[in-house]
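The sequence lines fix the lettering, A, B, ..., with proteins before strands; numbering per chain opens at 1.
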Amino acid sequence: MSILVLAEHDNASLKSATLHAVTAAQKIGGDIHILVAGAGAQAAADAAAKVAGVSKVLLADDAIYGHALAENVAKLIVGLAPNYSHVLSAATVNGKNILPRAAALLDVQQISEISAVESADTFVRPTYAGNALTTVQSSDKIKLITVRATAFDAVAETGGSAAVEKIASAGDAGLSKFLGQEVQKTERPELTSARIVVSGGRGMQSGDNFKMLEEVADKLGAAVGASRAAVDAGFVPNDYQVGQTGKIVAPELYVAVGISGAIQHLAGMKDSKVIVAINKDEDAPIFQVADYGLVADLFTAVPELVKELNK
Amino acid sequence: MKVLVAVKRVIDANVKVRVKADGTGVETQNVKMSMNPFCEIATEEAVRLKEAGKVTEIVAVSLGNAQCAETIRTALAMGADRGIHVQTDVELQPLAVAKLLKAVVDKEQPGLVILGKQAIDDDANQTGQMLSALLGWPQATFASKLVLNDNNTANVTREVDGGLETIEVKTPFVMTTDLRLNEPRYASLPNIMKAKKKPIDALTPEQLGVDPTPRLKTLKVTEPPKRSAGIKVKSVAELVDKLKNEAKVI
């Protein structure tokens, strides 16, 4: 068996989500190749070649892959897939956008966001906001799978010495065009790979008040996240959202501030190692999953927390 | 332009889902069912386009058992003009849904198909992407803003991992909705009454020439390990002490 893993990258470097997908590929077992589709992506391909357990890197370098448009990348995957038993991607926004398109073109029923590998054709995936774990067996010849990164450890970033093979572009599908982006610039770690996440909810009351959480986050080297309520209210941008349909995180420490703990939010963070909840409502459901709960007004507790961390 | 909206009937978002004791699925008996929240957003967007004069007709499609007609009625009450119900008791997986929707699109020839990005039951996040692939159309997934241009293109802003991204797609295209696209309305009582008179056509997978047999076999459904509540601390100082000395995470 050989397995193709679609790389998540920014042309210059490989994103850690890829390392988790490679671990899932190792659990399936077989020769592991990484596909880097990008524009000026030699550096990302070189990084992929160093990943432990990878035997080959395929680099498709073309301007049309610069912004990972699904129509173009899916077309490339469809051409490569017949050489593989499995095609994997981390369940990033790109992975979720691209892989189902490739799956349909290959007449394959994709398996989304697996959290465990039982065998080469049987996988476990969370459904109903993680309230059920469904074990499914695929009868398709090629398996297309997205991988929930938090459910698999990252493979070592170095130690491998795979060859980088340049492959031909599959051409522009001519259906869509990238126009621009608004990307949040931050010095903080990425939400999905941070060791500590500090999140705020509706209880924060305004975007300005998130500055308090940023201060805590900076003391701890943490990323800042939010509940859907805080994003919908416009306190913070959409990419802060942790939950069933936002980002799934599993840091060593998750600090939930002013978050009540709706099922949909818990679905995005309940696999965190240690959960702290600060909420003035002692009946808030978040306390049912918190290792350490503090019933307090966040507007006094958070400044105190900053002071304590400064000590 | 005609718009087609796909709507799915799911267990209501506020219901605490329970796994069946025999491990075959989740309890659906006597459980409140609703339109998938992302499909509500899809319907709302279509209705707003019609109100803005950009769209002439909205067709709401749902696939599944007899009760799915209720979900179509909800879409009709929100402002869709007519419904199509693809009736089947077979478990429908995203690829089959995409194939059935493609057959409906081939008949109806809409200029835009709007779907939710994800259904909150199977959390698959596939159908829109698959449908656009089968149609050979562009896909604009996870949309938070849609602008229809005059030159048969549209600009769609998408919620991506680092923030927002805007793409231009040619029409016809498939769009899937993210949470910030709009806030769906509640259907008013007069509109609910009016919806009862709007037509719903019934079709079957056989009539559409699609074999909906599932490709994935569900072997078992289990409950995830339960996380138990920990302790309540009395002060911020105690919290920091526990995190440093007991949990050792800071």
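The closest donor-acceptor contact from the side chain of K247(A) to the backbone of D161(B) lies under 3.5 Å. Between the T88(B) side chain and the V90(B) main chain, a donor and an acceptor come within less than 3.5 Å of each other. Between the R188(A) side chain and the A222(A) main chain, no donor and acceptor come within less than 3.5 Å of each other. Checked by atom type and distance alone, the side chain of T43(B) pairs as donor or acceptor with a backbone atom of C39(B) at under 3.5 Å. Between the side chain of Q264(A) and the main chain of A13(B), a donor-acceptor pair closer than 3.5 Å is present. Between the side chain of N65(B) and the backbone N or O of D89(B) there is no donor-acceptor pair closer than 3.5 Å. With N238(A) contributing its side chain and E159(B) its backbone, the two residues share no donor-acceptor pair below 3.5 Å.
A heavy-atom distance below 4.5 Å is found between the side chains of V61(B) and L4(B). For the pair L219(B) and V136(A), the minimum side-chain heavy-atom distance is 4.5 Å or more. Between M269(A) and I275(A), the closest side-chain pair of non-hydrogen atoms falls below 4.5 Å. Under the 4.5 Å side-chain criterion, counting only non-hydrogen atoms from C-beta, R101(A) is in contact with E71(A). In this structure the side chain of Y254(A) reaches within 4.5 angstrom of the side chain of V249(A), judged on heavy atoms. By the 4.5 Å heavy-atom criterion applied to side chains, L191(A) and V197(A) are counted as neighbours. Looking at M175(B) and L146(B), their side chains come closer than 4.5 Å, going by heavy atoms from C-beta outward. At least one side-chain heavy atom of T177(B) sits less than 4.5 Å from a side-chain heavy atom of I114(B).
Contacts with chain A (heavy atom to heavy atom, under 4.5 Å) involve these residues of residues 118-126 of chain B, listed by number: Q118(B), I120(B), D121(B), D122(B), D123(B), A124(B), N125(B), Q126(B). Contacts between residues 304-311 of chain A and chain B, defined by a heavy-atom separation under 4.5 Å, are made by E304(A), L305(A), E308(A), L309(A).
Ranked by heavy-atom pairs under 4.5 Å with chain A, the first of R227(B), E165(B), K244(B) is R227(B). Of the residues considered (I231(B), I11(B), V240(B)), I231(B) shows the highest number of contacts with chain A, using heavy-atom pairs under 4.5 Å. Per-residue counts of heavy-atom pairs under 4.5 Å with chain A were compared for G25(B), G136(B), P225(B), A96(B); the largest is that of G136(B). Chain B forms more heavy-atom pairs under 4.5 Å with one residue of K270(A), Q288(A), K185(A), E252(A) than with any other, namely Q288(A). Contacts with chain B were tallied for K96(A), E282(A), Q137(A); Q137(A) has the most, counting heavy-atom pairs under 4.5 Å. Between chain B and the residues Q181(A), E182(A), H67(A), the largest count of heavy-atom pairs under 4.5 Å involves E182(A). Note: L294(A) leads T300(A), L253(A), L294(A) in heavy-atom pairs under 4.5 Å with chain B. Among V274(A), D271(A), I196(A), the residue with the largest count of heavy-atom pairs under 4.5 Å with chain B is V274(A). The most heavy-atom pairs under 4.5 Å with chain A, out of K16(B), K117(B), E223(B), come from K117(B). Per-residue counts of heavy-atom pairs under 4.5 Å with chain B were compared for T127(A), D291(A), I263(A); the largest is that of D291(A). With chain A as the partner, the residue from L131(B), V17(B), T127(B), T176(B) showing the most heavy-atom pairs under 4.5 Å is V17(B). Put simply, of K226(B), K99(B), E238(B), M130(B), the one with the most heavy-atom pairs under 4.5 Å next to chain A is M130(B).
K232(B) forms no cation-pi arrangement with Y292(A), by the criterion of a distance under 6.0 Å to the ring centre and an angle within 45° of the ring axis.
Neither the backbone nor the side chain of F173(B) comes within less than 4.5 Å of any heavy atom of chain A. Neither the backbone nor the side chain of E190(A) comes within contact range of chain B; no heavy atoms are under 4.5 Å apart. For A132(A), the parts lying near chain B are the backbone and the side chain together; criterion is any non-hydrogen pair under 4.5 Å. For E113(A), no part sits under 4.5 Å from any heavy atom of chain B, backbone or side chain. For V160(B), the parts sitting under 4.5 Å from any heavy atom of chain A are the backbone and the side chain alike. In this structure, no portion of V174(B) lies under 4.5 Å from any heavy atom of chain A. The contact between S235(B) and chain A is made entirely by backbone atoms, counting heavy-atom distances below 4.5 Å. Only the side chain of L220(A) comes within contact range of chain B, judged by heavy atoms closer than 4.5 Å. Both the backbone and the side chain of L133(A) come within contact range of chain B, with heavy atoms under 4.5 Å apart. Proximity to chain A (any heavy atom under 4.5 Å) is shown, for A140(B), by neither the backbone nor the side chain. Proximity to chain B (any heavy atom under 4.5 Å) is shown, for V302(A), by neither the backbone nor the side chain. In this structure, the portions of V233(B) lying under 4.5 Å from any heavy atom of chain A include both its backbone and its side chain. Within the 4.5 angstrom heavy-atom criterion, atoms from both the backbone and the side chain of T222(B) approach chain A. When heavy atoms are compared at a cutoff of 4.5 Å, T122(A) approaches chain B solely by way of its side chain, counted from C-beta outward. Heavy atoms of R158(B) lying under 4.5 Å from chain A belong exclusively to its side chain.
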The test is side chain to side chain contact (heavy atoms under 4.5 Å, CB included); show your working for V15(B) and D12(B) and say whether it passes. CA-CA 6 Å; V15(B) 170; D12(B) 186 87; 3.8 Å; yes
Just do the salt bridge (charged side-chain N to carboxylate O under 4.0 Å, His left out) check on D121(A) and K143(A) with the steps written out, would you? CA-CA 8 Å; D121(A) 67 4; K143(A) 277 88 176 156; 5.4 Å; no
Does I64(A) form a side chain to side chain contact (heavy atoms under 4.5 Å, CB included) with L69(A)? I'd like the steps, not just the answer. CA-CA 8 Å; I64(A) 62 163; L69(A) 290 170; over 6 Å; no
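When the shell of 6.0 Å around NZ of K234(B) is examined, it contains 12 or fewer heavy atoms from other residues, nucleotides or ligands. Within a 6.0 Å radius of CD in E183(B), other residues, nucleotides and ligands contribute 12 heavy atoms or fewer.
Residues R215(B) and S138(A) have side chains that never bring a donor and an acceptor to within less than 3.5 angstrom of each other. A side-chain donor-acceptor contact under 3.5 Å links T166(B) and T157(B).
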